[in-house]
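The block underneath contains the structure these notes are about, expressed in structure tokens.
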Number of protein chains: 2
Amino acid sequence: MTDSARYHHGNLRPALLARAVEVIEVDGVRDMSLRRIARDLGVSHGAPQRHFSGKADLLDAVAKQGFTMLGEAYAETMRNVGGGDRLTALAVTYLEFSMARPELVQLMFTRKHSPVEGMDEAVAEAFRVPLEVIAEEQRRGNLIEGDPEQLGIYVVAVLHGLTSLANAGFITAGSSQSLLASAADHVLDGLRPR
Amino acid sequence: MTDSARYHHGNLRPALLARAVEVIEVDGVRDMSLRRIARDLGVSHGAPQRHFSGKADLLDAVAKQGFTMLGEAYAETMRNVGGGDRLTALAVTYLEFSMARPELVQLMFTRKHSPVEGMDEAVAEAFRVPLEVIAEEQRRGNLIEGDPEQLGIYVVAVLHGLTSLANAGFITAGSSQSLLASAADHVLDGLRPR
DNA sequence: ACCTGAACACCGTTCAAGT
DNA sequence: ACCTGAACACCGTTCAAGT
């Protein structure tokens with residue numbers, strides 16, 4: 001079997017997707033082109049069209065893949081955290097995940113996801129673990145009552161906002177430590193004096 | 001003076017910048033090309049290079065312009081709000097500003113701003129008013145003590161995160177109303193039971 | 001000083017043709 | 001069914017030439 005025949009058996013699509021994720025993580029979205037991905041994989045520039053209807057379609061698939069990766073990172077954290085503060089551990093996981101691949105995360109939260117096959121399921125699966133932990137902490141009386149999903153969205157918004165500001169350079173490396181610590185306090189205790 | 005000579009007097013740069021902002025607001029960053037902007041203004045595709053060193057340079061200028069616009073929106077709000085809750089009014093101003101032009105705001109918070117002439121000043125000016133109001137509310141005892149700038153960054157992070165999630169479609173139009181209301185409560189009172 | 005227009009190397013997308 | 005390669009209309013960037 002020659003090199004050029006390696007992708008004639010249905011595995012070109014996952015290979016294109018994996019390479020696209022890789023390029024976006026390493027070089028950024030700006031350098032992710034269909035022609036470059038095809039070149040990297042040794043296929044012709046027209047080959048991707050058989051598997052993705054266009055560049056936007058591939059980017060949507062990358063975003064979906066990002067949510068799957070995030071969900072796996074959460075699951076990994078849950079396996080490793082013992083009896084500790086699971087909510088904080090998950091928050092740290094999100095911060096590390098998105099600081100390590102800012103452009104991928106930006107893509108995940110940018111696409112007005114046009115109906116992509118399985119996107120909603122990937123998103124739901126990614127946030128399943130955090131939502132379960134939030135509900136659990138509510139039952140234990142460590143968090144206020146209310147719809148766990150709304151609380152979850154709020155927490156994600158805070159984390160996503162913080163990483164966006166950090167990646168944009170508004171939070172310098174020097175101040176990030178104290179800022180993140182105080183942010184954790186603010187989320188729990190609020191900004192109103194008690 | 002012929003049409004083609006209209007920009008021979010130093011006003012091509014601001015015209016290019018204004019048109020770029022407009023295209024990004026209306027059609028999105030994806031449709032903003034140097035050649036298209038030049039075409040819209042009736043100059044040759046090489047003309048912009050005399051005023052912006054490249055596409056990235058123009059995008060940086062657009063981001064800076066966005067902060068100037070945000071600062072003006074804050075100032076406008078302060079002129080119109082009477083004795084009401086100025087902090088909430090400013091928060092609403094931010095939400096409306098960024099929901100009206102998501103791609104511009106994304107650009108503002110994306111660029112790892114390479115040293116752009118006057119960028120830091122534009123950012124500082126944009127957030128001057130909110131920071132003043134935060135410091136004032138601290139003096140009145142309506143907000144906890146601490147570095148106003150750190151509190152400001154935290155508040156901006158929450159607002160920016162919420163709009164990002166909304167623009168990504170994670171906050172549906174139906175749930176956005178109750179979510180934003182509860183988010184305001186969460187910011188002030190926190191998620192820990194009192 | 002400022003803009004034009006040709007030139008170059010890239011892109012996304014389409015589509016007949018090959019295997 | 002899957003991939004190739006030519007073709008088309010776009011890009012960003014560079015640069016000699018014009019005014």
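Lettering follows sequence order; numbering is per chain, from 1.
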Distance, rounded to the nearest Å, where D40(B) contributes CG and dC10(D) contributes C1': 15 Å

Reckon R39(B) has a side-chain N or O less than 4.0 Å from the OP1 or OP2 of dC11(D)? yes

Distance in angstrom units between F52(B) CZ and dC2(C) C1', rounded: 15 Å

Once you round it to whole Å, what is the distance between P of dT14(C) and NZ of K55(A)? 15 Å

Is any side-chain N or O of H51(B) closer than 4.0 Å to OP1 or OP2 of dC3(C)? yes

Can you confirm whether the side chains of N80(B) and E76(B) place a donor and an acceptor under 3.5 Å from each other? yes

NA contact type, R30(A), heavy-atom cut-off 4.0 Å: base, sugar-phosphate, or nothing? nothing

H160(A) and V105(A): side chain to side chain contact (heavy atoms under 4.5 Å, CB included), yes or no, with the steps? CA-CA 9 Å; H160(A) 183 64; V105(A) 172; 4.1 Å; yes

The side chain of L12(B) lies closest to which of these nucleotides: dC3(C), dT4(D), dA7(C)? dC3(C)

Rounded to whole Å, CZ of R36(B) lies from C1' of dC11(C) at a distance of 18 Å

Nearest to side-chain heavy atoms of R35(A), which nucleotide of dC11(D), dA7(D), dT14(D): dA7(D)

Rounded to whole angstroms, how far apart are CG on L41(B) and C1' on dC2(C)? 15 Å

Tell me whether the OP1 or OP2 atom of dC11(C) has a side-chain N or O from S33(A) closer than 4.0 Å. yes

Under 3.5 Å on both distances, the Watson-Crick or G-U partner of dC10(D): none

Of D31(A) and G46(A), the one whose closest DNA chain C nucleotide lies more 5': D31(A)

Grab the CD1-C1' distance between I37(A) and dC11(C) for me, whole Å please. 13 Å

Find the distance H45(A):NE2 to dG5(D):P and express it as a whole number of Å. 9 Å

Over how many whole Å does the gap from R13(A) atom CZ to dC2(D) atom P extend? 12 Å

In terms of hydrophobic clustering (I, L, V, M, F, W, Y; side-chain heavy atoms under 4.5 Å; direct or indirect links), are M78(B) and V92(B) co-clustered? no

Is a side-chain donor-acceptor pair under 3.5 Å present for Q150(B) with S175(A)? no

Watson-Crick or G-U wobble partner for dG18(D), using a 3.5 Å limit on both distances? dC2(C)

Which nucleotide, dC11(D), dT13(D), dC2(D), lies nearest any side-chain atom of R50(A)? dC2(D)

Given dT4(C), dT13(C), dG5(D), which nucleotide is nearest the side-chain atoms of Q49(A)? dT13(C)

Checking T68(A) against E125(A): is there a side-chain donor and acceptor pair closer than 3.5 Å? no

